[in-house]
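Data block below; observations after.
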Amino acid sequence: MKDFFFWSRWSKTNRLLYLSILSLAAVSILFYAVSGLRGLGNVIEWSTQKNLSPFSLKIDEFTKGPISYKVEVETYLINETFKASEIKINQSPAILHLLLVFSSLCLLLTILSFLKRSWYIIGMAAFILFIVLLKLELLTVFNFGQEFTIVVLILVCGLSYYFHAFNENVPFIPRLLSFAGCFAAIAMAISFGSKIEAPFLYLANFGVVGPIVLSLLFIIIIGYEVVGAFLFISTAGKNLEKKNRLLNFTIITFLYFANLILLLLKKKNYIEWDILYLNMFLLLFISFLIGIWGYKKRSITFRDTLPFSPYGALFYLSLAILTFSTIAYSFATGNDPLTECFEYSILYSHLCLGFIFFCYVGFNFMHLFNKNLSIYEVVYQPMRMPLFMVRGVGCAAILALFLYSNSFPFYLGLAGYYNGCGDVYTYNNDLLMAKQYYRSGVQFEFQNHRSNYSLASLADLENNKEVAQEYYTATLFKNPSEYSVVNLSNFYL
């Protein structure tokens with residue numbers, strides 16, 4: 001049980017810090033789960049339309065002598081039909097997403113300030129690229145352009161280098177609070193000094209590239225955790241028969257790979273079987289949970305660079321917070337091409353890295369399966385094939401799948417990015433620019449629901465019924481929704 005709650009053996013300060021960040025990770029997972037379960041309901045609402053049809057209603061009939069009389073009144077029949085709304089752009093998910101992303105960034109910067117010089121330089125170069133990709137200059141804070149980006153970099157990088165080179169004795173929490181205060185000051189400057197409307201919505205949508213790249217990194221990091229869990233289940237029990245250990249591990253792993261391959265074939269339209277496929281976003285969450293302990297086991301390979309207690313553990317959680325928040329934001333905005341881009345990333349990484357890790361286990365520890373040993377305890381201490389080859393060969397296999405699909409996941413990501421840009425201009429009521437961005441989304445993935453539905457809604461607002469009908473029809477090709485079906489049926493009616 002002590003191994004399960006490994007943080008209980010840390011100092012009180014580190015333990016409280018880890019549990020606090022774990023709670024923040026729980027917030028990001030809640031955001032991820034709620035946004036994913038609501039689906040398009042995050043951005044589309046149902047409304048009803050009432051139509052009055054006059055008609056005569058007979059309320060009585062009687063006969064007097066040879067003449068029959070009818071008593072009629074004029075009344076109305078009320079017809080009520082459903083209609084799906086246009087895309088609703090809301091700032092709240094964007095603000096929550098930014099809070100989680102920059103909380104994660106504060107953690108990463110604090111951890112970087114403790115690393116050796118070479119790793120520190122690499123990490124800070126990645127941070128500078130991240131800030132550049134946010135496109136802060138377009139916020140026109142206090143009428144500054146590139147100058148504002150330079151000021152942000154000087155403030156944050158200067159504070160980081162001060163802790164790294166001049167005051168190394170500052171503890172973790174004061175450093176973390178210093179970075180948090182620095183980002184809070186930047187946020188205040190953006191809030192009060194930006195000349196554009198909804199600057200944080202702009203920042204969340206135009207600056208999404210950096211969070212996407214870090215999210216893909218985390219997805220690769222946990223790509224083989226499920227196979228590691230299968231190894232633990234198959235070899236940890238002392239009462240298991242020796243001859244069944246390898247067989248159990250092989251069967252359960254290949255059943256897992258078979259499910260991943262079936263999903264890949266379905267997404268490539270090679271099969272159309274009506275079966276229950278693995279949900280990649282649920283698999284990501286399960287891999288994250290397994291990885292909390294799996295990353296601890298793996299820390300033996302990088303303990304001289306990044307000690308697990310507490311820096312390695314916090315590094316893992318900070319990337320998880322950023323990843324779940326970024327995917328949750330794609331759910332919350334109904335951005336299906338970006339969501340599908342993440343789905344492909346999870347599928348490719350778990351399939352390729354998982355299979356290479358399975359080969360790694362067999363190549364290094366095949367002879368230990370017949371002994372009463374818990375291979376999981378020594379799996380990161382290879383005898384023949386080094387662990388770094390799992391990532392190297394696995395990433396090469398991911399690249400091969402990516403190229404085989406004609407870089408389709410990349411174009412999905414581009415379509416998702418342009419959808420987010422279009423949302424900013426829709427929110428600012430600049431419909432001309434919004435349509436241009438949505439059309440770019442259609443150009444990169446013509447079947448994506450979000451771009452076509454947005455263009456159909458804008459055409460409907462302009463009373464351009466033929467164009468609206470065309471785009472609503474396009475939403476049904478790949479990811480049909482009840483919202484587009486109802487709106488299209490109303491046009492036919």
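Source: prediction; values computed, not measured.
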Does Glu45 offer a backbone N or O that forms a donor-acceptor pair with the side chain of Ser85 under 3.5 Å?
yes
Set of ring-ring contact (aromatic ring centres under 6.0 Å, His included) partners for Phe444, sequence neighbours left out
Tyr418
Quick check against the 3.5 Å criterion: does Ser318 have a side-chain atom that pairs as donor or acceptor with the backbone of Phe315?
yes
Val424 side chain reached by Asn428 side chain, heavy atoms, under 4.5 Å
yes
A quick test of your reading: do over 12 heavy atoms of other residues, nucleotides or ligands sit less than 6.0 Å from CZ of Phe408?
yes
4.5 Å side-chain heavy-atom contact, Tyr316 and Lys296:
no
Please give me the minimum heavy-atom distance between Ser194 and Pro199, naming the atom from each residue.
OG-CB, 3.6 Å
How about Ile398 and Leu353: do any of their side-chain heavy atoms sit closer than 4.5 Å?
yes
Hey, what do you get for CG (Leu17) to CG (Leu22), rounding to the nearest 0.5 Å?
11.0 Å
May I ask you to test the Ile44-Lys88 pair for a side-chain heavy-atom distance under 4.5 Å?
no
Between Leu153 and Ile128, is any pair of side-chain heavy atoms under 4.5 Å apart?
yes
Are any side-chain N or O atoms of Ser481 and backbone N or O atoms of Ser484, one a donor and one an acceptor, separated by less than 3.5 Å?
yes
Residue Ile78 excluded, over 12 heavy atoms near CD1 under 6.0 Å
no
Testing the basics here: between Asn487 and Lys83, what is the closest heavy-atom pair and its distance to 0.1 Å?
OD1-CG, 3.6 Å
Might you confirm whether atom OH of Tyr411 has over 12 heavy atoms from other residues, nucleotides or ligands at distances under 6.0 Å?
no
Between His97 (side chain) and Pro93 (backbone), is there a donor-acceptor pair under 3.5 Å?
no
How many angstroms lie between atom CG of Leu105 and atom CG of Leu214, to the nearest 0.5 angstrom?
8.0 Å
If you define the side chain from C-beta out and look only at heavy atoms, does anything of Tyr471 sit under 4.5 Å from Ser451?
no
Of all heavy-atom pairs between Tyr295 and Gly312, which one has the smallest distance, and what is that distance?
CE2-O, 3.3 Å
Short N-O contact, Lys135 and Glu137, less than 4.0 angstrom
no
Is Leu77 atom CG crowded by more than 12 heavy atoms from other residues, nucleotides or ligands, each under 6.0 Å away?
yes
Mind running ring pair (Phe, Tyr, Trp, His ring centres under 6.0 Å) on Phe477 and Phe446 for me, showing each step along the way?
CA-CA 9 Å; Phe477 293 154; Phe446 72 97; 7.1 Å; no
Show the numbers, then the answer: is there a side-chain hydrogen bond (donor to acceptor under 3.5 Å, both in side chains) between Tyr438 and Asn452?
CA-CA 8 Å; Tyr438 290 137; Asn452 284 299; over 6 Å; no
Is any NZ, NE, NH1 or NH2 atom of the basic residue among Lys435 and Asp430 found under 4.0 Å from an Asp or Glu carboxylate oxygen of the other?
no
Using 0.5 Å steps for rounding, measure from the CG atom of Leu276 to the CG atom of Asn259.
8.5 Å
Nearest heavy atoms of Pro409 and Tyr348, plus distance in Å:
CG-CE1, 4.1 Å
Please say which of Thr339, Asp423, Asn479 ends up in a side-chain hydrogen bond (donor to acceptor under 3.5 Å, both in side chains) with Arg450.
Asp423
Any chance the rings of Trp293 and Phe232 have centres within less than 6.0 Å?
no
For Gln436, is there any backbone N or O sitting under 3.5 Å from a side-chain donor or acceptor partner on Ser440?
yes
Who passes side-chain hydrogen bond (donor to acceptor under 3.5 Å, both in side chains) against Asn335, sequence neighbours left out?
Asn419
Among Tyr472, Tyr453, Phe82, Trp46, whose ring pair (Phe, Tyr, Trp, His ring centres under 6.0 Å) with Tyr483 holds?
Trp46
Between Ser215 and Phe342, the two heavy atoms sitting closest are CB-CE2, 3.8 Å
Between CG of Leu203 and CZ of Phe102, what distance do you get to the nearest 0.5 Å?
5.5 Å
Any side-chain heavy-atom pair from Thr426 and Ser454 closer than 4.5 angstrom?
no
Within-4.5 Å side-chain heavy-atom neighbours: Ile286 and Leu289:
no
Which distance, rounded to the nearest 0.5 Å, do you find between the CG of Asn42 and the OG of Ser92?
11.5 Å
d(Ser407 OG, Leu414 CG) to nearest 0.5 Å is 10.0 Å
Give a yes or no on whether the backbone of His449 and the side-chain of Asp336 come within a donor-acceptor separation of less than 3.5 Å.
yes
Quick check on Tyr277: does its OH atom have over 12 non-hydrogen neighbours (other residues, nucleotides or ligands) under 6.0 Å away?
yes
With a 6.0 Å cut-off (strictly less than), is the heavy-atom count around CZ of Phe142, excluding the residue itself, greater than 12?
yes
Side-chain donor/acceptor of Ser325 to backbone N/O of Ser28, under 3.5 Å
no
Centroid separation under 6.0 Å, is that true for the rings of Tyr425 and Tyr437?
yes
Worked verdict on Thr250 versus Phe358 for side-chain contact (heavy atoms from CB on, under 4.5 Å)
CA-CA 9 Å; Thr250 303; Phe358 174 79; 4.2 Å; yes
Centroid-centroid under 6.0 Å between Phe324 and Phe31 rings
no
Criterion side-chain hydrogen bond (donor to acceptor under 3.5 Å, both in side chains) on Thr326 and Thr323, from CA distance to verdict
CA-CA 5 Å; Thr326 304; Thr323 301; over 6 Å; no
So, does Ser191 use its side chain to make a donor-acceptor pair with the main chain of Met188 at under 3.5 Å?
no
Answer yes when Lys266 and Asp274 have at least one side-chain N-carboxylate O distance shorter than 4.0 Å, and no when they do not.
no
Qualifying residue for ring pair (Phe, Tyr, Trp, His ring centres under 6.0 Å) with Phe230, from Phe254, Tyr224, Phe249, Tyr256
Tyr256
Tyr18: what forms a ring-ring contact (aromatic ring centres under 6.0 Å, His included) with it, not counting sequence neighbours?
Phe6, Trp7, Trp10
Before accepting this row, confirm whether a basic side-chain N of the pair Lys478/Glu340 lies closer than 4.0 Å to the acidic partner's carboxylate O.
yes
Does a sphere of radius 6.0 Å around CD in Glu80 hold more than 12 heavy atoms from other residues, nucleotides or ligands, not counting ones at 6.0 Å or beyond?
yes
Expected output: side-chain Glu147 to main-chain Gly145 donor-acceptor under 3.5 Å:
yes
Between Leu338 and Ser330, which heavy-atom pair has the shortest distance, and what is it?
CD2-CB, 3.8 Å
Phe331 vs Tyr32, test: ring pair (Phe, Tyr, Trp, His ring centres under 6.0 Å). Steps then yes/no.
CA-CA 8 Å; Phe331 290 152; Tyr32 175 81; 5.7 Å; yes
Verify the neighbour count for atom CZ of Phe355: are there more than 12 heavy atoms of other residues, nucleotides or ligands below 6.0 Å?
no
